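A short worksheet on the structure shown next.
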Amino acid sequence: QVQLVESGGGWVQPGGSLRLSCAASGGIIVGNALGWYRQAPGKQRELVATFTSSGSTNYADSVKGRFTISRDDAKNTLYLQMNNLKPEDTAVYSCTAELRPDYDVSLVIPSWGQGTQVTVSS
């Protein structure tokens with residue numbers, strides 16, 4: 001089995017910070033098709049931050065200057081550092097990546113995590 005598991009979500013006051021983690025298990029993250037998305041209640045899922053094929057980063061305009069996407073290959077983990085959080089950042093955050101499963105290293109499987117709730121309120 002191969003999967004992504006998010007962690008680090010929770011409640012924070014406006015202006016606060018959180019760091020989300022997305023760890024792969026049963027395989028490793030490969031390539032640069034990595035990113036974070038979010039979905040607020042009653043809203044469509046939207047892109048938050050991604051890597052490009054060249055390894056650069058891309059952010060939604062609403063989070064530029066506040067969020068930072070990064071990866072730690074040694075830990076097989078993707079991160080999203082979120083600073084100066086706003087109430088409109090409240091959503092379920094999900095990570096996506098392509099995984100190479102331990103059971104078959106010839107495969108590359110596009111995968112999504114289950115999501116972690118981020119709530120920003122006073």
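All heavy atoms count here, side chains included; hydrogens, waters and symmetry mates do not. What you see is a predicted model, and the numbers here were worked out from it, not measured in a lab. Just so you know, residue 1 is the first one in the sequence shown, and it goes up from there.
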| message | Taking the side chain as everything from C-beta on, heavy atoms only, tell me whether Gln114 gets closer than 4.5 Å to Gln3. | response | no

| query | side chain to side chain donor-acceptor pair (under 3.5 Å): which pairs involve residues 28-37, sequence neighbours left out? | reply | Asn32-Arg71

| Hey, does the side chain of Asp72 reach the backbone of Lys75 with a donor-acceptor pair shorter than 3.5 angstrom? | yes

| request: Could you grab the distance from atom CG of Leu47 to atom OG of Ser62, nearest 0.5 Å is fine? | output: 9.5 Å

| query | Taking NZ, NE, NH1 and NH2 as the nitrogens, is one of them in Asp61 or Lys64 under 4.0 Å from a carboxylate oxygen of the other? | reply | yes

| query | Do Asn83 and Leu18 have side-chain heavy atoms sitting under 4.5 Å apart? | reply | no

| message | Using the side chain to side chain donor-acceptor pair (under 3.5 Å) criterion, which residues pair with Ser121? Sequence neighbours excluded. | response | Trp11

| field | For the student: nearest non-hydrogen atoms of Leu80 and Ala49, plus distance | value | CD1-CB, 4.1 Å

| remark: Closest heavy-atom pair, Ser111 versus Leu99, reported as atoms and distance to 0.1 Å, is OG-CD1, 3.4 Å

| field | Thr96 side chain near Leu34 side chain, heavy-atom distance below 4.5 Å | value | no

| note | Minimal heavy-atom distance between Ile69 and Tyr59, with the atoms involved, is N-OH, 2.9 Å

| request: Apply salt bridge (Lys or Arg N to Asp or Glu O under 4.0 Å) to Arg19 and list each qualifying residue two or more places apart in sequence or on a separate chain. | output: none

| Atom CD of Gln1: over 12 foreign heavy atoms under 6.0 Å | no

| Does some side-chain heavy atom of Leu20 sit less than 4.5 Å from a side-chain heavy atom of Thr116? | yes

